[in-house]
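Input: a single structure, listed below in structure tokens.
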Amino acid sequence: MAILHIDGDGFFASCEISLNPKLKGKPVVTGQERGIATAMSPEAKALGIHRGMPIFEIKKLFPTAVIVNSNYHTYGMFATRMYDIVRRFTERVEEYSIDECFAILEDKDREHTARLIKTTLGRELGMTFSVGVAPTKVLAKVASKWNKPDGFTILDNSSIHDFLKNLAVGKVWGIGPQTSHHLHSLGVVTALDFIERPERWIRENLSSPMLETWYELKGTPVYKVHESDDIQKSIQKTRTFPHTSEKKIILSELSHNVEGACIHARRDKLETKRIYYFLKTQEFRYKRCEIPLDVPTNDPMTILSLVQSTFDTLYKSGVEYRATGVTLSELRPTSLNQTDLFGEVVKNLKLKKIFDVVDKIDRKFGTGTVSLASSLTSVGRRHLHPTRRLNLPFMGEVV
DNA sequence: TCTGGGGTCCTAGGACCC
DNA sequence: TCTGGGGTCCTAGGACCC
């Protein structure tokens, strides 16, 4: 068996060009709304524009660049088409990220199949992909990165050695700046240096994930290709806002994030058993709070009241904050047949019905049509909200 | 114009128990 | 009052990735 890794080249920019052929051949950059470049067309790269470059700088230095807002919904649809195309050739596909996937190929015809997948993707999606084929995920990943864009690299046991000789250890998937720096100080510079150290040396000098990386790089598979839709571990919503120390605004931001996370959870029919939220100060310090729940929920009011009752342990008046975030963790599928004490489940069931209705309205009229009144104090977004108010039981005021 | 948003996994150290 | 050793569970936060 061989593992295939597919990576969209400049994916976001490629999606924009695929939808709007007039952009073809131009230096296209996405990420306007974020203030930094998130993806570039080859022409933009040729100018010297790179990921993370500030948009104002691009505008100044490269007036010919076409800068567009990212449209994640569109990119998600392209991603779905990409996975579907790959599934025509093999059922065993892992949807790794919005522009990447792994798949398992049978050894016979692996090169032919891989090439066929690549050309089919290119033809049907109107963009190029870089492809790596190797015995393990880590090797497939470095292989696909090797000849970007439009690359096609096959690694087998006979070619691994030469390939890793020319690969900086920090380029390996899973080895970041910290580990890379540490390895350099120990005399390990290339990926080949790394795999040539004995197992004992890895165990003594590095953390356990590095041992897995070590095996993978040597061609022994450790990481599985996750074919099934495994249940998500956590849902997170965060948002940055113009810095403020006003409690009301911060709570309202938190409320917005809680709502967003709960909408996501209900859409995926998940409930959380543990919530965690944070305030981020203007100095980029995090104040966190974690709350285990007795009864799983995906109801924003329940979560919000817990947040409110603990908020003062994190919040200090006079401190400037720039972002908040909420994570729902220990997720589990919604189960309607739980029998439980304390009547909390009964209360949650009632809420569930209401939010089912809310979700239907959202599907019909767009997300955010109905939102909790407590989310409406957000800085600079007030004017976006509709003004009709009504009162629903258990939800407080709804707009 | 410093630094977005969404994830996963691991580890050190504290709390608590025997 | 001070001394142990051993174990588990939990939390804060680091590291990495897209």
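Proteins come first, then strands; the chains are lettered A, B, ... in the order of their sequence lines, and each starts at number 1.
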Tell me what A:V326 touches on the nucleic acid: a base, only sugar-phosphate, or nothing, going by heavy atoms under 4.0 Å. nothing
Rounded to whole Å, CD of A:E290 lies from C1' of B:dA15 at a distance of 15 Å
(Q) Regarding A:E57, tell me which of base, sugar-phosphate or nothing describes its non-hydrogen contacts under 4.0 Å with the strands shown. (A) nothing
Between CD of A:E330 and P of C:dC9 the distance, given in whole Å, is 14 Å
For A:Y75 and A:F11, take the angle between the two ring planes, folded into 0 to 90°, and tell me which bin it lands in: parallel under 30, tilted 30 to 60, perpendicular over 60. perpendicular
Applying the 3.5 Å cut-off to both distances, the Watson-Crick or G-U partner of B:dC18 turns out to be C:dG5
Per side chain to side chain contact (heavy atoms under 4.5 Å, CB included), A:I303 is matched among A:N298, A:L254, A:T272 by A:T272
*asked:* When you compare the ring of A:F284 with the six-membered ring of B:dT3's base, are the centres less than 5.5 Å apart and the planes under 30° from each other?
replied: yes
Atom NZ of A:K145 and atom C1' of C:dC17 are separated, to the nearest Å, by 10 Å
task = With heavy atoms under 4.0 Å as the rule, sort A:G35 into base, sugar-phosphate or nothing.
result = nothing
Quick note, A:I235 side chain, CB onward, closest among C:dC17, B:dC10, B:dG7 is B:dG7
Between CH2 of A:W173 and C1' of B:dG7 the distance, given in whole Å, is 13 Å
_Within the 3.5 Å criterion, strictly below it, is a donor on A:Y276 or A:R288 matched to an acceptor on the partner's side chain?_
yes
Classify A:H264 by what it touches in the nucleic acid, base, sugar-phosphate, or nothing, heavy-atom distance under 4.0 Å. sugar-phosphate
